[in-house]
K.L.:
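Take this structure, written in structure tokens, and hold onto it; I'll ask about it next.
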Amino acid sequence: MSELRFVRMGFGNEAVDYRVAWDEQRRVHAARFADEVPDTVILLEHPPVYTAGRRTQDSERPLDGTPVIDVDRGGKITWHGPGQLVGYPIQKLPRPVDVVAHVRRLEEALIRTSAEFGVTATRIEGRSGVWVLGDPVEQRPALGGLSLDFDPRLTDEEFDPRLNGPEYAPSNAGQRREDRKLAAIGIRVAKGVTMHGFSYNVQPDNKWFDRIIPCGIRDAGVTSLAAELGRDITIDEVLPVVERHLRDILEHADPKPREIVRASA
């Protein structure tokens, strides 16, 4: 692929309002489609904001009426905010775009970044994003004094972890030794050009996730590099490492069109 351009749009006190960044994505997307700019990765932090992808259900949104921005990416609801590195790779790929392959490349860059900081991260089949695996189910502490065979999040359709306190909060998944998401990925492809991208939890306040059902997943939680390392870590430390791995993977990729399997007559 062609050389990748990185745009550091704003961090810390210059964190970028979500709608402003969304407008910039659309501008760069149109320019990339017209071959006026190279493939571009926008990197930034956002002020606290909830965004909901197209598959978000009402039962996954905040209960207290906190505003949510509905967006045109895939996936469900998530949170962005301080301490989280957000990346929007805007790339022109061969059509029909192999979306899964694009997601896998982004995951790989973040898995390699995590490893460089001493955190073992991986993928989970059927769940996009980058994860830190928990203990085997039989070795995890029981919830509410019950056997995990009776985990209400899985057996009770009306059970709502948003209403049941810290014991079930996504931010406490590490204490429960459950699988926990380190980075979320949600994208959109229009005219063969990608938009949206990833959010990588460096050192955010993960309690923001407790107001929602993050990514619609009830039986796992969220984590951060800081939580896994047990020490403070800054966006400034992580940013150049993420850029290096994205460049290495995306510039050396050889994307292929998605294979179309035609049904036999």
Side-chain angles (χ1 to χ4, degrees), residues 4-29 40-53 62 66-73 75-91 106-107 109-114 116-117 119 121 128-130 132 170-171 180-188 194-212 214-215 222-229 231-247 250:
L4 202 60
R5 176 180 68 145
F6 287 91
V7 175
R8 296 184 178 185
M9 194 171 175
F11 302 91
N13 293 333
E14 297 179 352
V16 184
D17 178 83
Y18 187 86
R19 288 186 174 89
V20 171
W22 195 5
D23 286 343
E24 179 64 6
Q25 279 196 76
R26 287 187 283 240
R27 186 192 69 78
V28 176
H29 182 280
T40 300
V41 180
I42 299 172
L43 294 163
L44 48 75
E45 276 180 283
H46 288 303
V49 62
Y50 292 104
T51 71
T66 300
V68 176
I69 298 176
D70 289 280
V71 296
D72 56 356
R73 61 166 169 79
K76 294 196 173 192
I77 191 167
T78 192
W79 171 84
H80 301 306
Q84 183 187 76
L85 176 58
V86 176
Y88 298 129
I90 300 173
Q91 295 181 270
L106 300 183
E107 290 171 344
L110 299 177
I111 288 170
R112 293 185 188 182
T113 298
S114 303
E116 192 159 328
F117 286 99
V119 174
S128 69
V130 174
V132 175
S171 64
R180 46 211 184 267
K181 184 176 279 192
L182 181 59
I185 295 177
I187 67 167
R188 177 179 184 234
T194 66
M195 286 182 64
H196 300 288
F198 64 84
S199 54
Y200 188 40
N201 295 332
V202 177
Q203 188 165 330
D205 178 357
N206 280 335
K207 288 186 175 62
W208 285 94
F209 289 102
D210 296 345
R211 299 186 188 183
I212 60 174
C215 302
V222 294
T223 190
S224 65
L225 282 179
E228 296 301 320
L229 293 170
R231 67 172 177 87
D232 291 343
I233 185 169
T234 66
I235 295 287
D236 285 344
E237 291 177 73
V238 175
L239 182 58
V241 182
V242 168
E243 287 182 341
R244 173 159 45 82
H245 287 296
L246 283 170
R247 185 180 299 280
L250 299 182

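Here the structure is a predicted model, which means the values were calculated and not measured.
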K.L.:
Drop me the distance from Thr234's OG1 to Asp232's CG, to the nearest 0.5 angstrom.
P.N.:
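So the gap between those two atoms works out to 9.0 Å.
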K.L.:
Would you call Asp23 and Arg26 a salt bridge, taking side-chain N to carboxylate O under 4.0 Å as the test?
P.N.:
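Yes.
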K.L.:
Report yes if the side chains of Val86 and Ser199 come closer than 4.5 Å at any heavy-atom pair, otherwise no.
P.N.:
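Yes. Closest side-chain heavy atoms under 4.5 Å.
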K.L.:
Going by heavy atoms in the side chains, are Trp79 and Pro214 under 4.5 Å from each other?
P.N.:
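They are not in side-chain contact.
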K.L.:
Does the side chain of His29 come under 3.5 Å of the side chain of Gln25 through a donor N or O and an acceptor N or O?
P.N.:
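No, because no side-chain N or O of His29 sits under 3.5 Å from a partner of the opposite role on Gln25.
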K.L.:
Please confirm whether the backbone N or O of Leu85 pairs with a side-chain atom of Glu45, one donor and one acceptor, at under 3.5 Å?
P.N.:
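Judged by distance alone, no pair lies under 3.5 Å.
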K.L.:
Is the shortest heavy-atom distance from the side chain of Pro82 to the side chain of Pro47 under 4.5 Å?
P.N.:
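Sidechains of Pro47 and Pro82: no contact.
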K.L.:
Atom CG in Leu246, atom CZ in Arg112: separation rounded to 0.5 Å?
P.N.:
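These two atoms lie 10.5 Å from each other.
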K.L.:
Is the shortest heavy-atom distance from the side chain of Tyr88 to the side chain of Met195 under 4.5 Å?
P.N.:
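Answer no - side chains too far apart.
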K.L.:
Counting distance only, does the side-chain N/O of His46 pair as donor-acceptor with the main-chain N or O of Val16 below 3.5 Å?
P.N.:
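Confirmed, His46 side chain pairs with Val16 backbone.
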K.L.:
Could you walk me through whether Leu44 and Glu14 pass the side chain to side chain contact (heavy atoms under 4.5 Å, CB included) check?
P.N.:
CA-CA 9 Å; Leu44 48 75; Glu14 297 179 352; over 6 Å; no
K.L.:
Mind checking whether Val202 and Ser224 have side chains closer than 4.5 Å, heavy atoms only?
P.N.:
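With C-beta onward as the side chain, the pair stays apart.
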K.L.:
Any chance you could measure Ile212, atom CD1, to Ile77, atom CD1, to the nearest 0.5 Å?
P.N.:
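Here the interatomic distance stands at 4.5 Å.
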K.L.:
Say whether Tyr200 and Ser114, considering side chains only, have a donor N or O and an acceptor N or O under 3.5 Å apart.
P.N.:
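A donor-acceptor contact under 3.5 Å links the two side chains.
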K.L.:
May I ask you to check whether over 12 heavy atoms, not counting those of Arg244, lie within 6.0 Å of atom CZ?
P.N.:
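Yes, the 6.0 Å shell around CZ holds more than 12 heavy atoms from other groups.
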K.L.:
Got Ile187 and Phe198 here, is their nearest side-chain heavy-atom distance under 4.5 Å?
P.N.:
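When only atoms from C-beta onward are counted, Phe198 and Ile187 do not touch, as no gap falls below 4.5 Å.
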K.L.:
Using 0.5 Å steps for rounding, measure from the CZ atom of Phe209 to the NZ atom of Lys181.
P.N.:
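That separation rounds to 9.0 Å.
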K.L.:
Take Arg5 and Val28 through the test side chain to side chain contact (heavy atoms under 4.5 Å, CB included) and record every step on the way to the result.
P.N.:
CA-CA 11 Å; Arg5 176 180 68 145; Val28 176; 4.2 Å; yes
K.L.:
Report the distance from atom CD1 of Ile235 to atom CD of Gln203, rounding to the nearest 0.5 Å.
P.N.:
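Between atom CD1 of Ile235 and atom CD of Gln203 there are 9.0 Å.
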K.L.:
Please check: side-chain N/O of Arg247 versus main-chain N/O of Leu4, any donor-acceptor pairing under 3.5 Å?
P.N.:
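At least one qualifying donor-acceptor pair exists.
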K.L.:
Calculate, to the nearest 0.5 Å, the distance between atoms CD and CG belonging to Glu107 and Leu182 respectively.
P.N.:
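Here the rounded value is 11.5 Å.
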K.L.:
Of Asn206, Asp210, Thr223, which is the lone residue that meets side chain to side chain donor-acceptor pair (under 3.5 Å) with Ser171?
P.N.:
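Among Asn206, Asp210, Thr223, the one meeting side chain to side chain donor-acceptor pair (under 3.5 Å) with Ser171 is Asp210.
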K.L.:
Taking salt bridge (Lys or Arg N to Asp or Glu O under 4.0 Å) as the definition, give me every residue that meets it alongside Asp17, ordered by chain and number, with sequence neighbours left out.
P.N.:
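Partners of Asp17 under the salt bridge (Lys or Arg N to Asp or Glu O under 4.0 Å) test: none.
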K.L.:
Does the side chain of Arg73 come within less than 4.5 Å of Thr51's, by heavy atoms?
P.N.:
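They are in contact (side-chain heavy atoms under 4.5 Å apart), so the answer is yes.
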K.L.:
Is Arg188 close to Thr194 at the side-chain level, that is, under 4.5 Å between some pair of heavy atoms?
P.N.:
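Thr194 vs Arg188: side chains apart.
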K.L.:
Indicate the atoms forming the closest heavy-atom contact of Trp22 with Asp70, along with that distance.
P.N.:
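Here Trp22 and Asp70 meet closest at CH2-O, 3.6 Å.
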K.L.:
Does a side chain donor of either Arg211 or Thr66 reach within less than 3.5 Å of an acceptor in the other side chain?
P.N.:
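Side-chain D/A pair, Arg211 to Thr66: present.
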K.L.:
Quiz question: by atom type and distance under 3.5 Å, do the side chains of Glu116 and His245 form a donor-acceptor pair?
P.N.:
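On atom types as modelled, these side chains qualify, holding a pair under 3.5 Å.
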K.L.:
For the side chain of Thr113 and the backbone of Ala109, is there at least one donor-acceptor N/O pair under 3.5 Å apart?
P.N.:
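Pair found, side chain donor or acceptor close to backbone of Ala109.
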K.L.:
Quick one: do Ile69 and Tyr50 satisfy side chain to side chain contact (heavy atoms under 4.5 Å, CB included)? Show the steps, please.
P.N.:
CA-CA 6 Å; Ile69 298 176; Tyr50 292 104; over 6 Å; no
